[in-house]
Every structure is written in structure tokens, then in C-alpha cells.
Amino acid sequence: MAEQAVTAQSEDFSRWYNEIVYRADLAAPSPVRGCVIIKPYGYEIWEGIKAGLDRRFRATGHQNAYFPLFIPESYIKREAEHVEGFSPELAVVTHAGGKKLEEPLVVRPTSETVIGEAFSDWIQSYRDLPLLINQWANVVRWELRTRPFLRTAEFLWQEGHTAHATAAEAEAETRQMLDIYADFAMDDAAIPVIKGEKSRLERFAGALRTYTIEAMMRDKRALQSATSHNLGQNFAKAFAIDYLSENNVQAYCWTTSWGMSTRMVGAVVMAHGDDKGLRLPPKLAPYQVVIVPIVRRDTQRSAVMDTVERLRATLMAADIRVHVDRRDGQSPGFKFNDWEMRGVPVRMEIGPKDVENGNAVLARRDVPGRAGKQFVSQASITDVVRDLLADIQRSLLDDARAFRDSHIVDVADYAQLCDAVAAGEWARAAWAGSDIDEQRVKDETGATIRCFPFDQPERVGKCIATGESADKVALFAKAY
RNA sequence: CGGGGCGUGGCGCAGUCCGGUAGCGCGCGCGGUUUGGGUCCGCGAGGUCCUCGGUUCAAAUCCGGGCGCCCCGACCA
């Protein structure tokens with residue numbers, strides 16, 4: 001019997017997600033609770049994300065470095081809110097080398113503390129500023145409930161850490177990095193994100209302000225896809241990151257931190273995937289084109305494979321990532337379904353008829369069935385494929401944007417917000433409430449303030465919690 | 001940590017109530033057949049039935065202890 005199709009998204013989105021992650025070969029279960037093995041196909045998506053971000057970081061003057069995995073426990077305790085925020089989820093090493101350690105070592109949940117300590121040594125003068133550092137690393141947070149990519153006990157990310165002479169510069173850096181994340185999300189991952197500021201309740205432990213990009217998944221839940229924190233002088237004071245100014249005055253630095261993680265792989269899966277599986281944006285797809293050779297009789301094999309090989313070389317020479325499915329035991333129909341599940345943007349079929357006619361069949365993943373198929377001349381293959389990939393990249397973004405926009409509603413009072421959230425929509429509402437009001441919304445509806453969007457309406461109206469006139473709208477949604 | 005469920009070849013499960021020495025589907029290997037939307041047939045490999053103890057002539061099955069995992073909540077990139 002043929003392999004079963006995946007669970008439909010509409011039937012059980014979580015189950016769909018889990019099945020896709022394993023069946024598309026992105027990840028495998030690990031022996032340790034809450035951790036996953038990232039398999040080559042999933043890791044290549046992550047490497048695409050890394051490449052897209054790293055390029056942008058360098059272009060804005062950041063340098064990569066690497067700090068230790070272990071952090072002295074006392075460091076974590078130096079910044080009050082930071083301890084409170086992270087203590088419950090720390091993994092701590094108490095023994096090493098067969099002995100109990102004098103001071104336990106925390107496995108980093110994030111590196112503000114160690115990096116702050118290092119910055120304190122590195123920065124003496126205003127001439128040392130700004131200091132713009134990024135690191136690619138793994139971090140550990142002992143989460144109670146985990147899901148592959150979205151929330152794992154250990155995850156990969158980049159964390160940027162910068163120090164500046166003035167508050168204004170730190171704020172500009174924080175905003176610049178958020179813009180970079182948003183640009184990456186839209187351009188490379190084809191995910192339209194909403195930029196905004198976090199509420200006090202959702203803010204990073206120890207930050208002055210936290211900015212976020214929020215994305216809508218296909219089940220309409222929100223996913224915080226990256227954050228950028230203006231840390232003010234909190235960490236500078238806790239770690240003595242100070243400098244001597246031009247005027248010979250000792251002053252504390254203003255610092256920032258910002259990160260995007262392997263969660264983004266989950267975002268790509270959930271923002272674009274459909275009932276047939278993944279739909280990868282061409283810019284992040286490990287394979288942009290997969291060639292499925294079709295051979296009816298052995299006598300045709302060499303002619304077909306010669307053509308396949310020639311087309312593969314042509315596309316590769318044009319920097320298109322192409323893979324030939326040479327598997328012997330599977331029928332073409334099986335392979336079509338398999339590559340659709342794995343989200344390859346373009347499938348090329350080459351059979352005896354195509355060899356004879358000098359044609360190739362191209363099928364685009366984002367348009368199902370016959371409508372997505374076209375016959376093209378082998379002679380023009382490079383241009384056609386290049387245009388097709390660009391078009392798929394664009395259409396995935398357009399689809400996701402249309403989907404998102406059709407599920408955000410403006411609400412005028414609390415009852416409307418409850419209705420909207422109950423229907424799974426995102427709700428935009430005037431907000432001037434307190435932390436307690438915000439907590440109440442969360443307790444009663446399950447939705448949280450995802451952000452106060454930068455993009456604000458002309459007129460705001462009355463707060464849905466207090467009835468007083470508000471100066472901004474907040475975006476409410478259920479989140480991962 | 002509260003509520004629910006489950007541990008049996010790589011994966012998904014049946015067998016447990018009523019004890020008799022393990023079976024099905026997928027996957028895997030070999031041979032043949034097929035190939036433009038999930039081919040078909042045959043042969044074959046693969047299991048300390050989570051663990052420790054007890055009852056019994058005999059335990060996947062009954063009894064007791066332990067461990068682990070999953071789902072739903074609270075916490076979270």
C-alpha cells in the first residue's frame with residue numbers, strides 16, 4: 001500500500017506540523033527530552049537563514065565572535081530582572097572532572113552576562129565605541145513543553161550584542177537590527193512580519209524596550225520571529241561597561257542585544273506549508289529545482305539521463321540549486337508527492353518525449369495540479385527557471401500577506417476583542433491599560449499583546465480596557 | 001507541578017480483560033515486474049514485549065515498586 005497522506009491542516013494543525021517536520025526529513029527525535037536532531041535538509045534551511053542574516057550583519061559593520069557556553073552562576077545573578085526571568089529554565093553544571101565545582105556553571109540561556117563582562121574589559125574609551133559584535137551559538141532553556149524548532153530545550157541562534165556612547169545611538173541600533181530582521185523575513189523567507197514594540201509584560205528580562213517582528217502562521221497563531229532589545233544602561237551598570245568620554249568624564253555605555261533562532265525554520269514551515277507539505281521560498285530552499293527522470297524502458301535510460309545531466313549542469317552553472325532524483329525503486333508519482341512534501345519550489349520532469357522534442361516539463365509547488373505545469377524549451381531553461389523561482393518567491397509572500405491581512409480585525413471594545421480572538425483572528429485595539437488589565441485579557445481570552453505596531457492609525461480612540469482615550473493601538477493574538 | 005493517556009522489530013499498531021512462549025501494516029534487503037501523479041508479485045532479515053521484583057509448571061498478559069515518553073494546562077525565542 002502507498003504511504004498515507006499527512007494529516008490536513010484544518011483537521012489538526014499541530015499534528016500536521018509534527019508530521020511534516022519528521023516526514024520532510026527536517027528533524028529527528030533525540031534521546032534527550034526536548035531536544036531534536038536537525039537533519040541535513042532542515043539544517044540547510046537554517047544555513048540559508050544564517051547566510052541571509054550574516055550578510056546583512058556584516059553590511060552594517062558587525063563582526064562575529066564566540067563566547068563560552070558556560071557562565072559562572074554569579075554572573076546571571078548580577079542583573080536583577082535577568083535572574084528572575086531566566087532562573088526557572090536554567091541548566092546548571094555542578095560537577096566536572098569528577099569533582100564538585102566551587103561555583104556551579106550555567107549553560108548559557110543567552111549571553112548578555114558573559115559578553116557584558118568581556119565588554120567591560122574591552123571598552124575603556126569613547127574611541128572603542130560603538131562595539132558591534134554578533135555570535136552564532138547554541139543556547140539552552142529548560143522549557144517545560146517543547147516542539148521541534150518552535151521551542152526546544154537547546155536551540156541555535158545568533159545573538160548580537162552592542163555597546164554605544166549615547167542612548168540615541170543604542171536606540172538607532174536596536175531599530176536598525178529590527179529592520180534587518182524584517183527585511184530578511186520578507187525578502188528571503190517570504191514571511192510578511194509586523195514590526196512593533198513589546199508591552200512591559202512581554203519585554204525581555206532586563207531590557208528598557210523590546211522590539212519584535214510578529215508573523216502569522218497558517219493556523220492564524222502568532223509567532224514572535226525575532227526580537228531586538230534596547231538594554232539601556234541596566235547591563236552596563238551591572239557589568240561595569242563604562243568608558244572615558246572625549247571630555248574626560250567616566251560614563252556608562254548604552255547596550256543592545258538582538259536575536260533570531262532556529263525557530264525561524266518552524267516559521268517557514270508554518271507560514272507557507274499546505275496539506276501536501278512544505279512550500280519553501282526559493283531563496284531558502286536547499287534544492288530550488290528537483291529533476292525527476294522518467295524512463296519507460298531500459299533502452300531509453302541513457303538518452304534521458306544524458307539530457308538530465310546536461311540540464312543539471314546548465315542550471316548549476318547559473319547558480320541554481322538543483323538535485324536529480326536518481327532513486328531507482330520509486331515510481332515518478334511517488335517522487336512527485338515526495339518532493340511536494342519536501343517543498344521544492346520547482347520540479348522538472350524529463351522523459352523520452354521531452355528528449356525527443358527538446359522540451360522539459362516544469363511544475364511549480366505553489367500552484368497545484370495542471371495549472372502549475374508548463375512545457376518549456378530546453379534551450380531557454382535557465383531564464384525560465386530563474387523567472388519562475390522569482391515569481392514563486394513573490395507569490396509566497398503575496399499569499400502570506402493576503403492571508404494575514406484578511407485575519408486582522410479592528411475591534412472597538414472588549415466584547416469585540418473576545419469574539420475576534422475566539423474566532424482565531426488577530427485583533428487590533430486601542431490600548432492604554434495596565435499590566436493587570438493586560439494579564440486579565442490573557443487569562444480570559446488566551447490572547448496576548450503581540451506588539452504595539454510601529455504602523456499606527458491616524459486616530460486611535462478609547463482604550464478597550466479602561467475606556468480612556470489611548471495614544472496607540474495594540475495587536476492581540478494567540479501565540480506560540 | 002495539576003489533569004489525561006501510553007511503553008511490544010526502524011515507524012504505526014494488534015495481542016493484555018480470559019496466562020501456554022509474539023503477529024499485522026509501513027519501511028528495509030534480494031529477485032522479477034512497472035515507471036508522464038503515491039506499481040504489483042514472490043522470497044527474506046529484523047523483537048532482552050521499558051525496568052526490577054513477586055505469583056505460577058508456564059508471564060507481553062496477573063500483582064507490587066521504579067523509570068521513561070506523549071497530549072491538555074501554567075512558563076517560554
Side-chain angles (χ1 to χ4, degrees), chain A residues 1-7 12 14-15 18-19 22-23 28-34 84-90 109-110 137-147 149-159 181 198 201-205 210 212-215 222-229 257-267 276-277 292-298 300-301 304 325 327-341 347-357 359-363 368-370 372-373 375 439 442-443 446 448 479-480:
Chain A
M1 202 178 85
E3 202 175 343
Q4 291 297 304
V6 292
T7 301
D12 185 341
S14 288
R15 201 164 151 197
N18 280 321
E19 287 179 11
Y22 294 123
R23 288 176 55 177
S30 91
V32 179
R33 190 203 74 94
E84 202 186 320
F86 283 106
S87 289
E89 53 192 48
L90 295 179
T110 180
N138 57 338
V139 290
V140 168
R141 300 181 187 177
W142 218 254
E143 303 290 353
L144 299 176
R145 270 193 73 196
T146 59
R147 317 187 61 187
F149 296 113
L150 299 181
R151 183 170 301 108
T152 44
E154 177 190 12
F155 58 95
L156 306 182
W157 76 346
Q158 58 66 219
E159 47 179 326
Y181 289 139
K198 282 292 184 190
L201 281 186
E202 302 279 326
R203 196 179 282 160
F204 177 73
T210 288
T212 177
I213 51 172
E214 297 287 325
L223 187 74
Q224 176 176 308
S225 305
T227 46
S228 183
H229 315 291
S257 68
W258 26 275
M260 181 180 273
S261 73
T262 34
R263 165 178 270 198
M264 196 65 192
V265 177
K276 285 171 165 262
V292 178
I294 291 153
V295 181
R296 278 185 182 281
R297 286 182 291 278
D298 267 351
Q300 300 167 326
R301 184 170 301 272
V304 168
D325 188 345
R327 287 178 292 179
D328 221 12
Q330 271 81 15
S331 66
F334 177 90
K335 291 178 179 178
F336 296 169
N337 284 284
D338 194 41
W339 290 111
E340 276 164 7
M341 187 174 61
R347 179 183 75 240
M348 184 187 298
E349 302 167 23
I350 298 292
K353 282 184 250 171
D354 306 300
V355 172
E356 203 174 309
N357 304 332
N359 285 338
V361 178
L362 296 181
R370 297 205 71 81
K373 276 200 183 189
F375 295 79
Q439 187 62 44
K442 184 177 180 181
D443 293 342
T448 49
Y480 277 100

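Just so it is clear, the structure is predicted and the values come from calculations on it, not from any experiment. Residue numbers start from 1 in every chain, and the chains themselves are labelled A, B, ... in the order their sequence lines are given, proteins ahead of strands.
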Practice item. Return no unless some side-chain N or O of A/K442 is found under 4.0 Å from OP1 or OP2 of B/rC75. Key: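 Result: yes.
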If the [atom1] atom of [N] is compared with that of [M], how far apart are they to the nearest Å?
{"N": "B/rG15", "M": "B/rG47", "atom1": "C1'", "answer": "15 Å"}
{"N": "B/rA59", "M": "B/rC1", "atom1": "C1'", "answer": "36 Å"}
{"N": "B/rC69", "M": "B/rC30", "atom1": "P", "answer": "37 Å"}
{"N": "B/rG20", "M": "B/rC11", "atom1": "P", "answer": "26 Å"}
{"N": "B/rA45", "M": "B/rC50", "atom1": "C1'", "answer": "25 Å"}
{"N": "B/rU8", "M": "B/rC13", "atom1": "P", "answer": "9 Å"}
{"N": "B/rC49", "M": "B/rC24", "atom1": "C1'", "answer": "16 Å"}
{"N": "B/rG29", "M": "B/rG64", "atom1": "P", "answer": "45 Å"}

What does [X] touch in the nucleic acid at a heavy-atom separation under 4.0 angstrom: a base, only the sugar-phosphate, or nothing?
{"X": "A/K353", "value": "base"}
{"X": "A/E340", "value": "base"}
{"X": "A/E143", "value": "base"}
{"X": "A/L223", "value": "nothing"}
{"X": "A/G351", "value": "base"}
{"X": "A/S261", "value": "base"}
{"X": "A/R347", "value": "base"}
{"X": "A/V361", "value": "base"}

Nearest-angstrom distance from the residue atom [atom1] of [X] to [atom2] of [N]:
{"X": "A/F334", "N": "B/rU35", "atom1": "CZ", "atom2": "C1'", "value": "13 Å"}
{"X": "A/E89", "N": "B/rC1", "atom1": "CD", "atom2": "C1'", "value": "16 Å"}
{"X": "A/K373", "N": "B/rG37", "atom1": "NZ", "atom2": "C1'", "value": "7 Å"}

Give the nucleotide from the list [options] with an atom nearest to the side chain of [X].
{"X": "A/R301", "options": "B/rU35, B/rG38, B/rA77", "result": "B/rU35"}
{"X": "A/K276", "options": "B/rG36, B/rA77, B/rG37", "result": "B/rG37"}
{"X": "A/P352", "options": "B/rU35, B/rU39, B/rG36", "result": "B/rG36"}
{"X": "A/T152", "options": "B/rA77, B/rU35, B/rG37", "result": "B/rA77"}
{"X": "A/S331", "options": "B/rA77, B/rC28, B/rG38", "result": "B/rG38"}

Exercise for review: Verify the stacking flag for A/F155 against B/rA77: centroid separation must be under 5.5 angstrom and the ring planes must differ by under 30 degrees.
Suggested key: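 So A/F155 counts as stacking on the base.
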**Study point:** Check: A/K353 main-chain N/O paired with A/N357 side-chain donor or acceptor under 3.5 Å
**Key:** yes
Review point. So, the side chain of A/E202 versus the backbone of A/K198: is there a donor-acceptor pair under 3.5 Å, distance only?
Key: no
Check your understanding: Taking the six-membered ring of A/F336, is NZ or CZ of A/R347 closer than 6.0 Å to its centre and within 45° of its axis?
Key ->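 Verdict for A/F336: a cation-pi partner in A/R347.
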